[in-house]
Structure formats: C-alpha cells, structure tokens
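First up is the structure itself, then whatever we jot down about it.
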Amino acid sequence: MIGGRRPLAGRKLADRRVRVERPHAPFFRYTGPGQLVAREAASMPTTPAGRFAARLKKIAIGRPLASEEEIGERLSKKKALAIFSSDAISSSAYATEEILRVLVLAGAGALLVSIEISIAIAVLLAVVALSYRQVCRAFPNGGGAYAVARSELSPLLGLIAAAALLIDYVMTVAVSTSSAVDQLISIAPALNALRIEFAIDSITLITIANLRGLRESGNIFAVPTYMFVGLALVIVASGVFHIITGQATPLPRQPEAVSFGTETLGVFLLLKAFASGSVALTGTEAIANGVPAFKPPEARNAANTLTVMAVLLGVLFVGVTVVAHAYDIVPSRDGSGGPTVIALVAGTAFGSGPLFYVFQLATALILFLAANTSFNAFPRLAAILAEDGYMPRPFGFRGDRLAYSWGIIALAAIAAALLVYFGGITTLLIPLYSVGVFVCFTLSQLGMVRHWLRLRESGWAWRTAINASGAILTAVVLVVVASVKFTSGAYLVVILIPMQVAVFLFIRRQYEASREKLTVRGDFVVKPPHREERVVIPIPTINRAVVQAVNVARSISDDVRAVFISDDPDAAAELRERWERQVPGVPLVVVESPYRALVGPMTAYLDVLDRAWPPDKEAPITFVVIPEYVARNWWERILYNQVARRLRTALLGRPHTVVVNVPYRREEATTPEPEGPGP
Amino acid sequence: MPNPEQTVVFRRAVVALNGGSSDARIVRLAAGVARQWKAELVAVHVVEIDWTQPLDADIAGRSEDVQRVLDLAEETAEDCQYKIEPVLLQARDVGAALVDEATEQRADMLILGLPYRKRFGGDFAIGSTIPYVLKNAPCAVWVVREPIPEESA
Amino acid sequence: MKVVIVGCGRVGAVLAEAFEKAGNDVIILDRSTGAFDKLPSTFRGNAVRGDGTDEDVLRRAGAQDADVFLALTEGDNRNVMAAQLATEALNVGRVLAKVNDPVRAAAYADLGLATICRTNLMEDTILGFAGLSTAQRPPILAPQRTHPGGEHHRAEAEPAAAPSEA
Amino acid sequence: MFVLVVGGGKVGYYLAKELVESGHEVVLMEKDHARADQIADEIGSIVIAHDGCEGKYLAEAGANRADIVAAVTGDDEDNLVICQMAKHHFDVPRTIARVNNPKNEELFKHLGVDELISPTRMILGSIEQDIPVHELLHLGSLGGSDLELIEAPLLPGSSRSRRAVRSSRSSARDVRSRSGRTRSSPKATRSSRSAARSARRRSTASSSGTPSRSADALAVCGRGVAFALAERT
C-alpha cells in the first residue's frame, strides 16, 4: 500500500524525517508478503443507512468476533452440562405426563403400570447412554449419528440419520417450547389464550441469544438448569420420603383433569405408553454431537458429562413417575390450560408456596434451554452437511459472532411454523418427535457395532456387545413407536425422512455438477488471452454517461462501435451528425426500428456481427458496454436504466459476450458541459 | 492506594519499534504501565534511508515488512486491550528521528527495546541509537533490554 | 632510460636500486629525507626531498620527459595525482601508480592510468597459494583508454554547456 | 539539489551548514570520527564518518545521485581523486574542488574538475582585481610561515599602477575562510577599491567574527608589477 509522505523538520538544522501515511491501516493488517487481513472496519457499511443497520445488529447480537476468538468459546463441563443436557433432563418434565396420558385410557387402575414403564425406559436410557459414551470417544469431531452412520455404514444411511436428526432438532424446539409454555400456564392460567404468541416470542428470544454466540448462551442458561435439577431432586426426595413415611395421599382432581377411558390395558396400550414415555430419551445424543465444543480433552469431558446427565435424567424421570403415582396424579386435557403433571408433582412438595413458583419457572426455563440445545446442534449438523455438499453452502458460513446464522434462523423458522400448525399443544407434537430420535439411535448404534468390528481395538468385544444390545433395543423401540403412533403423526416422519434425503442428494448433485464444470486442472497453466476482442456500445443519445462508456470501451479494444436504435429517422440523422463531430474515431451504427422494439434489434445486430466474423478465426469476445446512470434513490431507480436492465437480462446467456456496466455518478461532475448546444 | 500524582510515570509515551522480537515485549509493557493513568501510547517505527536514496523515497510505504511491524504493535496493544497510535517515519538516523518525534508528540517518556547482541562474539553491543537517544531526548527514557537468550547466558 | 620514483618506501627503495644497477638514470623523491636511509650507500641516483604531487618540485628534480614514472607512496591519492601530473604535464612515457584501494585502482585504469593494486595482488597470490581459484586479474591494470586530459579541455571551451543551477 | 561535501574542516562545515539552511539536501563526509561526531552534534545527521576518497563510501553516500560533489579537504590530491571518482565513476554532473596549490589548478581543470576554489587565488583576487590571474608568478615561500610571495604584472593604464606602497594589518586567515561567501556577494566583487583598502575593509568586517591569528598581508604595486604576500596552506 502506498501512502503519502510528509516531510518534517527536526530540532537540529539538518535533521529531517518523513512521516509515511498508512492508508491501509484502518482496514487491513499485513500478516505476510502479499497477504492482508481485513479488520472489522473493512466490513463496515459505508452508507449512513448501512451503518445504522449495523449498529442495530451490533446491539441485538453483539460485536463481531474474529475467527481466532473461537477457542475462548469452548465449554467447561459445567456449562456444557447446562447447555447439552437440558434437552434430555428437561424431558423428565413431560415424559411422565405422556405415559399417564396413554394409561388413563384404560382407567385409574392402569396408572400403576407407569412405574414399570418408566423403569423400563430408564434401562433403555442406560444402554443408550453407554453406547453414546463410546460415540464420543470414537468420533471426537461431533456430528453424532450422521458422522457415525456415514463413515461406518453408508452415505445413504448417514443421510437418513441426518434427516432424522434434523427433524429431531426441530421437534425438540417445538416440543420444549410448547411444554415450557404449558409450565408457565400452570402458574398463570390466564396465559392460555396467548399460548402460540408466547411460544413464538420465546423462540425469537432464543434465536437472538444464539446469534450472539455460544459462550453467552452457556452463561445465560446455566443457572436455571442447575436450579431445575436441584429443585426437582428436592421434590423427588420429599415425595419418596412421604411415600416411605406413608404421608402420600391422593390429591383431589383438578377441574381440567382428563376423564378415564374404558379401554382394556392390552399389549398395544402398554407399548403405546412405553413409546410415549420413551420421549424421555430425546436429547441423549446431543452431547455426542457437540463434542468439539468441549474444552480439551474434548472426548473425555463429553463422555463424563454424558454419564452425569444420564444418571440425573434417570433419577428424575423415575422419581417423578413414582411420586406422581403415589399422589394419584392425572394429566389435564389438551390445551385446557390446566396444570401439568410436573406442576402437580411439585405441588406435593412445595404446596403453592414461593418455591413452587420458582420451580415452575425453572422448569419453563430449562425447557427453553432444551430448545436452545437444538440451536447449538442443528446449525452444527447443517454446517457439516453443507461442507459435505448436501445442504446449501450458506449453512456452512459462520456469522459475525461465530454462530452459524443460517442454521439458527432456519431452525427457528421451521419450529415456529410447526408450533403454529399444531396450536402449541405438546402432546400432538410428541409422536413426530420420538420416531426421528430412535432412527438416529439405531443407526448410530449400528454404526458403532461396525466400528468395533472393523477396528478390533482392545475391549472391542464388550464394546460391541454394548452397542449391539443398544442397537437391537432401540430398533425394537423404533418399530414399536413408529407402528403404534403411525396414525397419530409418526407417518409424517416416515414420509419426511426420504424426502429430505432426496433433497440432500439433489443439492449434492448440483454442487458436483457445477464443480465439474468450473474445475481447473492442477497442471493447467493459464496463458495470456488470445481471443480477439471487440466492443459494442448501445447508446440512447450523447450524454456524459455515454462519453464515459466510450472511454471505457476504448480502453478494452480498438474495435469499438456505437449502436443507436431508433424509430425516428430524423433524430437518428441528427445524432449521427453530432456523433461524427464529437466522437470521431468511433463508428456509429444506426439501426432503425420501425416496430419501436429495442432489445430485439440489439441482440439481432450482435448475431449479425457474429455471423460476419470470418469462420476460420476463433470467435471474438464481444463486450457490450452499457452506459448507466447511477440512481441515487428509489424514484430515480424507476426513472432510469430500465432499458439497460432489460438489455442486460437479454444478454445474460449469450456466448462469448461480456456485459460491462459503466455507471455514471452525477456527483462526479459539478461543472456543466462546456460544449455547444445540445438537442 | 498511593497518591496517583506521585506514581504517574508518564502521560504520553513514544514506544520505539525496531521490527524485532522485543517489539511485542515493550508494547505489552508500555500498555500495562500506561493503563494505570490512561496514558497515551505512540508506536514509532523509523526506517533508516541510506544516502543512495532521497529521504522521501517511497520505501516504507511500499514495504509490507515495515507495515507489518506497526500492524503487529497495534495488534499486540489490542491484545492487551489498549490503544496505540502507530507512526511510520523515514529518516537518515533512527535516534535523531525518535528524539524529534518524541519532542513533537510532547511525549514525556521514550521507551526503547534493546535486543541482546554481542559484537563479533565479544563485547555487548549497544549500537548507536540508544546512546544518541539517552544523550538527546528531552524526556525520560526507558530502555528495556531483552533477556539473554538461554544458549549464550 | 630515465626513471622517476615517487615515494621511497620499501618498494620504492628496492626498485630504485634495481633500476640503477641496470644502468638507468634514477630519480627518487620522498617528503622526508629519513626515507632515503633505505637506499644503499652505493646509490648514485638522484634522491630529492619534496612533494611528488608538486609540479615544480618534480620539474626541479628533472622528472620531465622521463621514460618511466612510478608513483609508489603510501597514499593512493598522492600516487594518483603524481601519476596524472606526470602524464599530463611532464610528458612521461610510461606511468604507473600504486593504488591500494581496488575500486580506485580499477576506476583509474578505466580512466587511462596504469595502476597496480597491492590488495588485488596479494589476494590473488594468496588464494592461488591456498589452492583456490582466483579472479585471474592482471598484476598491473593497464589503462583502458587514453588519459582524459584533452577531453575536458574541450568541455572547458564551451562554457555555455556548463550547468549553472547554483 | 543534492550536494555531497567531502571534508569536514571549516570550509566543509560552513558550506554544508549554509547549503542546508538554504534548503538543499547535503551529506558531509569526514573521515575523522571525532570531528564527524562534533559536526553531527551541531547540525544533525548528515555526516558520514568515512573517507570520501574510497569508492565504496562514496557510493554509500549516494554519489550516483548527487548533483554536485564538493571536495574541500585540505589535501589537493584527495580533492582531485574525489572529483575524478565522482565525475567518471559516479557521473556527477558538477564537481568542485578546493585547490590549495595554485599550480595544481591547471592540472585539475585539465583532469575534469568542473570548478575550482582556490583560497590563494581568492586572496589574490581581492588584493587586486586588475591582476590577471594567469600571469601570477610564484616567487617563493617564506620559510616557517604560511605566506608566499607572488609577483604579478599590472595592466598598463591601471588606476592602481601609480599608487604608493600601502600596507595594512589584516586577518589573512579570515579573508581566506570568508572569501567563498564574499565572492558570491555582488557588492564585494564589484568593489574596485585598492587592494589594501579592500583588505582592510574585510578585516574590519570580519573582526566581529571569531578571533583568529593575524598575519601581515602586504601588497606592493608599482611600475606595472604588483607583489603580494598571500597565505598558503
């Protein structure tokens, strides 16, 4: 960069020095020969409006972070537990309720089975958690089910896993948000009317928090998670204490309670209850997907966090179910605004004292947190998919705050749409949820089995056993969930996954195709251009914009001609006279267009030029230099350049043709043209 | 808490850069000290122009290496969350230019790094700039000698 | 043959003796009489105390129209000037100046003055002795063109051409 | 203009200083380190403490872009070599040499030095402008002093030819060291007062300056011949 130099005198007569200005300094920084790094100021907008927008953005999502600042965004185990496990742990806030909802169909007596079902689910959880601990170790780069299935099974299975995962993440946001709203309604039933608005607002808030970047999310959300976990443990402990001491007495039914059904407690109903309850497992995979966000040693920290999370979840889920049963708690009707099961359970410990409200608030918050988990995981997976060419590239770009902005916004949009569609009612969303989750579980377990069989590291046998049993169990559950819930929404997932996979493959093929066309072979040396060049300038009249365009044209080639398309022969003659006098050396071609068309004759003229080119010579590159007046505001934009725009569109696909816009800014010249009278 | 009036070391300091490893050290040091009194820092890099070229020849402005010296100083200061104003000079003599610049900037401190060098493996070499600055600078001068490298200690 | 030697150092003294023994008419000059102690007592040439860069001194010593003129003092510039005096004013046949600075030696050879450079000589000789390849320079750098006196007389004749931007 | 001055004596020092003051770019070469440091201390960083006769250092001093090289050391041979190197090796358009021995003037001019400053000649010129410089005859030095006796014919009809012998006490050294400047002053050159008066006037003018050793300057005019004592270095 060349800067001005200012001579300065020194104290002594002959001491001179020269100050060298550094024009690059505010915008760039040298890091090596011929290598610049753009500073924040370089991407600052230069217009007042742009600057204002940037300032708003800065207020909303914070100052941009440089890529090097990422290492500071790594999570400690405590923060990671808050962020990643909230998904799983928070499901204890609604999983029990989902079991009960199925069982009430078989009458009050059937509720007893809920404990057995919850224990069965806890066992399943233990197996899955053990399996995923191994995933953390084997795939420290994250990606979870997708990475495992893709590298260990087949790309197609990987894509299926990815599709399932994406659905899972979207559903997590939808379910958690709606459940959180349920919790808030439990303490403030008046909110019931605003259920959807409330949910959407929450998603917006979480979106903004995430656009600000990962570290701050950790800080924002750590407190409620630990508060929920702490209070929930207190509730379970007090409930168990009451059961042991025989103080647990059935609560009176709340007015919104569902009425008991009369179905018989058959295998189908049991399986259905199990399938509904298995929603407790959702989110278990989050940690395995987010391993790179951990502080080093990443894999080890992630695996340990996973264990802590699974134990907490198991204890809370089973505990809540046991307490709920002991107090004979029955869920409220869908969308009635009645208290949730977890709220009723909390009431057994805290009554309606302040702690009850604190707990409900914490529950709502941890559910929002759970939604937030997806905001971490979804964009990450989308970015990995984008890198592999299965998703549009912008999903792989990180925004000012190092967050994958596109992924975050896409997730928020889809989840919000789902919420609106289902009226914000949690139960209706659940069937869509579980299927996707279990597809992932099964695929990643299978992948791990392949992994151990392939590598045969020490202890591969028992590791295989763990993953194989996990795979079988989750596969069975998957089949059960999909079949028993097929009619109540699971079918959607069955359709959605293949559709998504098809889209992935389509995008990939597009990228592959364009890459193939654009690729330059590694051994190809670019030679100086050898094609001849000629320039055509379509002109509307003689004005400064045209003069400037002519100057540009002459710098491109000596073969320059101006083309004037006119429907008025007199005007054409006048222009020709003026042109030859004022722009000597550039031949003017007047095309009379009796039908007043403009673009057509222009392209036709270019065709004729091409045809006139000697066939034995390589076709020349034709530059079409379009003089353009730069509009300064919206109405000028309407007034000017409409023809230029149409012409540009018409020429876009023409072979060997380059369209050059020569913008003319009015500010550039302040003195009027000194030359003679114009037409 | 000591009386701040008594402990103010400087209000505006010129930090002389030489493009070597000591630059980052003295910038960090200067930023650390300056922070206490919100003192201003000016990083000055003087490119010595030999007599075969005119003093205002286009040399420093074109040299990326030279620019990098200042960029690095600015970056180091930013790392310490402090601002440093970079100045690039061309002169016939580094010492004279530093002294003149410090005078013009009304600096009350001139901070120089001194790389540890031995001349022809013998005596410790101090060069000519530091004696010149010590003799002529109107303000206080702080010379920070870099630690002796392990192998020659 | 008339030989003039300016500078009675070790080399000057040895050469003076050698030329004399070979039956030549030798004139040797030095600024200090003490230098002539290096000459053998049998030396019968003309030893003159005086500045070899002073035309008058040279003339008085009888250096004009000498056949050989050797400027061998310790000062490169004195040698150069004496040699140029000899060439330009004293009508000497062969003139040689000892110039120890290789740059000046080459520059004056270019300018039309035969020079001998002790630095080059020793470098080449010693490198050769050590078995290294040398630059293969001739021991005496022969003049590359005629001495430029006349040229500048012409320049003087056209005062208009002289720059006057003072 | 870029002027390369070689020699940091009084002449070189004041020359460099005046040139810098009038806005020229100057580099001064002085091989004596102590003297070089002293000058640098006084006027600033324009001094190169190296021998200006050496081609290498001339190159370092930027001789190849110099507009003028002024060789003003005390040794004629050095000045000659510096000018020749500048002229032929570095293509300097203008070279100026200080010549102490008037005898060397011819040779210097002959060998391509563009301009000569001869202190001896200056004093002579100021003693009597009518004395044609080329007909000076060196009569001999006065042993033990810096003075030499010069004989010069006066042109017939010269207004000075009938003047009586006049003498004055003057500071000959001062006359010499200031001659460079007084010559450039048109008033001084136009002055055609008698040599003795002129010398006296200058000595008065200079007596306000630094005191220096005084010497007798004597001009004898008569019968078409002038004899003068001039300082020699």
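Below, chain A is the first sequence line, B the second, and so on; all start at residue 1. Excluded from the calculations below are hydrogen atoms, water molecules and symmetry mates; all remaining heavy atoms, backbone and side chain alike, are included.
For D:Lys103 and C:Glu55, the salt-bridge test fails: no basic side-chain N is under 4.0 Å from an acidic carboxylate O.
For CE of C:Met122, the number of neighbouring non-hydrogen atoms (other residues, nucleotides, ligands) closer than 6.0 Å is 12 at most. Heavy-atom contacts from other residues, nucleotides or ligands closer than 6.0 Å to CZ of D:Arg35 number more than 12. Under a cut-off of 6.0 angstrom, the local environment of CZ in C:Arg10 is sparse, with at most 12 non-hydrogen atoms contributed by other residues, nucleotides or ligands.
Between D:Gln84 and C:Val80 there is a side-chain heavy-atom pair separated by less than 4.5 Å. Within the 4.5 Å cutoff, side-chain heavy atoms of D:Phe108 are placed close to those of C:Met81.
Interface residues of residues 93-103 of chain C toward chain D, defined by a heavy-atom distance below 4.5 Å and sorted by number: C:Asp101, C:Val103.
For D:Tyr57, the ring pair (Phe, Tyr, Trp, His ring centres under 6.0 Å) partners two or more places apart in sequence, or in a different chain, are D:His50.
Among all heavy-atom pairs drawn from D:His88 and C:Leu111, the shortest one is CB-CD1, 3.0 Å. Minimum heavy-atom separation, C:Arg104 to D:Cys53: NE-O, 3.0 Å.
The CG atom of C:Asp51 sits 8.5 Å away from the CG atom of D:Asn101 when rounded to the nearest 0.5 Å. Within the model, atoms CG of C:Asn77 and CD1 of D:Ile82 stand 7.0 Å from one another, a figure rounded to the nearest 0.5 Å. The CD atom of C:Gln84 sits 4.5 Å away from the CG atom of D:Leu111 when rounded to the nearest 0.5 Å. To the nearest 0.5 angstrom, D:Glu77 atom CD is 11.0 Å from C:Asp76 atom CG.
With a 4.5 angstrom heavy-atom cutoff, D:Asn104 touches chain C only via side-chain atoms. Contact of D:Asp76 with chain C is made through backbone and side chain together, with heavy-atom distances under 4.5 Å.
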Atom pairs and distances, donor-acceptor, side-chain atoms in residues 32-40 of chain C, under 3.5 Å, two or more places apart:
{"from": "C:Ser32", "atom 1": "OG", "to": "C:Ala35", "atom 2": "N", "distance (Å)": "3.4"}
{"from": "C:Lys38", "atom 1": "NZ", "to": "C:Cys8", "atom 2": "O", "distance (Å)": "3.3"}

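Residues in residues 19-29 of chain C take part in these side-chain hydrogen bond (donor to acceptor under 3.5 Å, both in side chains) pairs, two or more places apart or across chains: C:Glu17-C:Lys21.
Between chain C and the residues D:Leu80, D:Asn79, D:Val3, the most heavy-atom pairs under 4.5 angstrom are made by D:Leu80.
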